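Bear in mind the structure is a predicted one, so any value in this text is a computation, not a measurement. Numbered from 1 within each chain, the chains take letters A, B, ... in sequence-line order.
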2 protein chains.
Amino acid sequence: MSETKPYHHGDLREQLLQAGEQALAEMPMAQVSLREIARKAGVSHAAPKHHFPTLGDLMGEIAARGFQRFVAALDEAANSITPQTAENRLLAMGRAYLRFAEVNSAVYTLMFDQRDSCSMTPHLVETSLEAWGQLENAVAALRVSGNASIGAMFVWSTVHGLAMLKSTHRLPPHLTLHAVEENTLRMIVTGIATL
Amino acid sequence: MSETKPYHHGDLREQLLQAGEQALAEMPMAQVSLREIARKAGVSHAAPKHHFPTLGDLMGEIAARGFQRFVAALDEAANSITPQTAENRLLAMGRAYLRFAEVNSAVYTLMFDQRDSCSMTPHLVETSLEAWGQLENAVAALRVSGNASIGAMFVWSTVHGLAMLKSTHRLPPHLTLHAVEENTLRMIVTGIATL
DNA sequence: TGTATTATGTTGTCACTGTCAAGATAAAGA
DNA sequence: TCTTTATCTTGACAGTGACAACATAATACA
C-alpha cells in the first residue's frame with residue numbers, strides 16, 4: 001500500500017530525481033538541464049513541471065537527499081570506529097566527509113552551491129540543518145572549553161575547504177592526498193583543543 | 001605610447017573585462033552571459049569572439065585578474081601589521097583573505113569555481129600559483145616542524161571553507177561573524193604549530 | 001602614395017535552454 | 001456513468017553560446 005503507483009505513468013517524481021543524480025554523475029554540471037533529465041526519464045520536456053515547478057526545485061530536492069545520505073554516512077562512520085571516543089568519532093566523520101565529497105562530487109557541489117542552482121525548499125533547509133546539528137554534537141562531545149558552535153564552524157570550514165580544493169584540483173601535485181587529509185584532520189583536533 | 005588605441009573601436013578587450021566584473025557584481029551569476037556583457041560594453045553580441053573565443057576564456061581572465069588583486073591585498077595586509085612576526089603576518093593575511101572574499105564575492109567564487117566556467121588559461125594558472133606560493137611562504141616563515149605545503153593546505157582549506165560557508169549563508173545565526181573569524185584564525189595557528 | 005592584408009566588429013543563423021499556455025489523457029470521485 | 005482533477009504532451013517564446021559570412025577600418029607593404 002505504500003507502493004501504490006498513483007498515476008498513469010508511475011512515480012515520475014522519483015524517476016526524475018534518479019535521472020538527475022545520474023546526469024550529475026555522468027556529465028559536466030553545465031550540461032545537466034531539465035530537458036536532459038526529462039529525456040533520461042523518457043518523458044516530454046515539460047513533464048517535470050508538475051513535480052518540480054522549476055529546475056531549482058529539482059536540484060534542491062537532489063541536494064536535500066544528498067544531505068540525508070551524507071548524514072547517514074557520517075553517522076555510520078562514527079559508530080563503526082573503535083574505541084568510541086569523542087575524538088575518534090570526529091576523526092571518522094572527517095574521513096567519511098571527505099570520502100562522501102569525493103564519491104558524490106557533483107551532488108556535494110550542489111549541496112554547497114555558490115550560485116543558486118538549488119531552491120531553498122523546506123526539505124533542503126531541514127536536512128542541511130540536520131547535518132549541522134550532527135557536527136555540532138560531535139564537537140560538543142569533545143567537551144572543550146569554548147563555544148561548541150564556533151568549534152563546529154572551524155571543523156566544517158576546514159573539511160569543506162579541503163573537499164573543495166580537492167575537487168577543483170588545487171592540491172600541489174607533490175603532496176600525497178592521504179598525508180594531506182590525515183594531517184589536516186589531526187590539526188583540526190589540536191586546533192579545537194585550544195578553543 | 002603605451003596608451004595607443006590600436007584598433008578602430010578602442011580597447012574593447014579591456015572594456016569587456018570591466019563590463020564582466022561589473023555584471024558579476026550587479027546580478028546573479030546565472031544571468032551573466034556573453035551577450036549581456038557585450039550589451040554592457042555597447043557592442044554586438046559576437047564582438048567578444050575576437051578577444052575571447054569563448055565565455056570561459058573571458059571568465060578565466062577575470063578570475064586571473066582576481067588572483068592578482070587577491071595577492072596584492074594579502075601582501076599589503078601582511079606588510080602593514082606590526083610587529084612583523086611570521087604569526088602576525090599570517091593572521092593579517094587570513095583577515096585580508098576573508099575580507100577579499102566578502103567584498104569580491106562573485107569574482108572570488110569564480111576564482112574557485114566548481115564548475116568549469118573558467119578556461120584554465122596560462123594566465124589563470126600562473127596567477128593562481130602565485131597565490132599558492134604566497135601562502136606557502138607565509139607558512140614556511142613560521143618554521144614549524146612538518147611539511148610547509150601540508151600546513152599551507154590546512155590554512156587554505158580552513159579559510160577558503162569559511163569564506164564559502166559565509167557566502168552561502170551557512171553560519172549559525174546566533175554566532176557573531178567576528179568571533180567566528182578570529183577564533184578560526186587562532187585555531188589555525190595553534191593547529192599548525194602541531195604540524 | 002595606393003593597394004593588399006589583417007584585425008576587428010556586425011548580422012544572421014543554429015541548436016539548445018527554462019518556462020509558460022493550451023490541449024490531450026487517464027485516474028479518481030460523484 | 002459522468003465529472004473533476006492530476007498528469008503528461010505539444011507548441012511557443014525569449015534567451016543563450018557558438019559559428020559563418022560579410023563589412024569595415026587600421027596596418028603593412030609595394
Side-chain angles (χ1 to χ4, degrees), chain A residues 1-20 23-24 26-63 106 110 113 115-121, chain B residues 1-20 23-24 26-63 106 110 113 115-121:
Chain A
M1 44 191 54
S2 66
E3 283 303 331
T4 57
K5 285 188 180 178
Y7 306 119
H8 53 310
H9 267 85
D11 53 347
L12 179 55
R13 187 188 147 92
E14 183 61 31
Q15 284 187 10
L16 287 170
L17 290 168
Q18 289 183 13
L24 282 170
E26 280 173 357
M27 55 185 74
M29 192 104 124
Q31 285 179 35
V32 177
S33 65
L34 240 188
R35 289 167 113 103
E36 172 63 28
I37 295 174
R39 233 172 275 137
K40 264 182 157 27
V43 292
S44 80
H45 68 265
K49 183 125 237 238
H50 296 273
H51 301 276
F52 303 99
T54 97
L55 175 59
D57 293 302
L58 210 181
M59 292 311 209
E61 184 56 23
I62 291 178
L110 210 60
D113 197 42
R115 312 147 179 221
D116 6 61
S117 346
C118 294
S119 302
M120 266 297 165
T121 64
Chain B
M1 43 194 57
S2 65
E3 283 303 332
T4 57
K5 286 190 181 176
Y7 305 118
H8 52 311
H9 266 85
D11 53 350
L12 179 55
R13 186 187 148 92
E14 183 61 32
Q15 283 187 12
L16 288 171
L17 290 168
Q18 288 183 15
L24 281 170
E26 279 174 356
M27 56 186 73
M29 193 106 129
Q31 285 179 34
V32 177
S33 65
L34 241 187
R35 288 167 114 103
E36 172 63 29
I37 294 174
R39 231 172 276 136
K40 265 183 155 30
V43 293
S44 79
H45 68 264
K49 183 125 238 233
H50 295 274
H51 300 276
F52 303 99
T54 96
L55 175 60
D57 294 303
L58 210 181
M59 292 312 210
E61 184 56 24
I62 290 179
L110 209 59
D113 198 41
R115 315 156 179 214
D116 6 63
S117 347
C118 294
S119 302
M120 266 296 166
T121 64

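Using a 4.0 Å cut-off between charged nitrogen and carboxylate oxygen, Asp57(B) and Lys49(B) do not count as a salt-bridge pair.
One finds no side-chain N or O of Ser44(B) lying less than 4.0 angstrom from the OP1 or OP2 phosphate oxygen of dT11(C). Within the structure, a side-chain polar atom (N or O) of His51(B) is placed less than 4.0 Å from OP1 or OP2 of dG9(C).
At whole-Å resolution of the value, CG in Asp57(B) and P in dC19(D) are 11 Å apart. Remark: C1' of dG9(C) and CZ of Phe52(B) are 15 Å apart, rounded to the nearest angstrom. Look at NE2 on His50(A): it is 8 Å from C1' on dA6(D), rounded to the nearest Å. Atom C1' of nucleotide dA26(D) and atom CG of Asp11(B) are separated by 15 Å, given to the nearest angstrom. Rounded to whole Å, the distance from CZ on Arg39(B) to P on dG9(C) is 18 Å. For the pair Leu16(A) CG and dT7(D) P, the computed distance is 12 Å after rounding to whole Å. When rounded to the nearest whole Å, the span between CG of Leu55(B) and C1' of dG15(D) equals 14 Å. Following rounding to the nearest Å, Lys49(A) (NZ) and dT19(C) (P) show an atom-to-atom distance of 7 Å.
Under a 3.5 Å cut-off, the side chain of Ser119(B) and the backbone N or O of Thr121(B) do not form any donor-acceptor pair.
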**OP:** Please test Lys40(A) against Gln18(A) for side-chain contact (heavy atoms from CB on, under 4.5 Å), starting from the C-alpha separation and ending with a verdict.
**Re:** CA-CA 9 Å; Lys40(A) 264 182 157 27; Gln18(A) 289 183 13; over 6 Å; no
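For Arg115(A) and Ser117(B), the side-chain atoms include at least one donor-acceptor pair closer than 3.5 Å.
Set against dT11(C), dT19(C), dC8(D), the side chain of Ala46(B) has dT11(C) as its closest nucleotide. The side chain of Ala47(A) lies closest to dC8(D) when the candidates are dC8(D), dT10(C), dA18(D).
Of the candidates Leu55(B), Leu34(B), Thr54(B), Ile37(B), Pro48(B) forms a side-chain contact (heavy atoms from CB on, under 4.5 Å) with just one, namely Leu34(B).
Side-chain to base pairing of Arg35(B) with dG17(D): one donor and one acceptor N or O lie within less than 3.5 Å of each other. In the interface, the side chain of His45(A) is paired with the base of dG11(D) through a donor and an acceptor atom under 3.5 Å apart.
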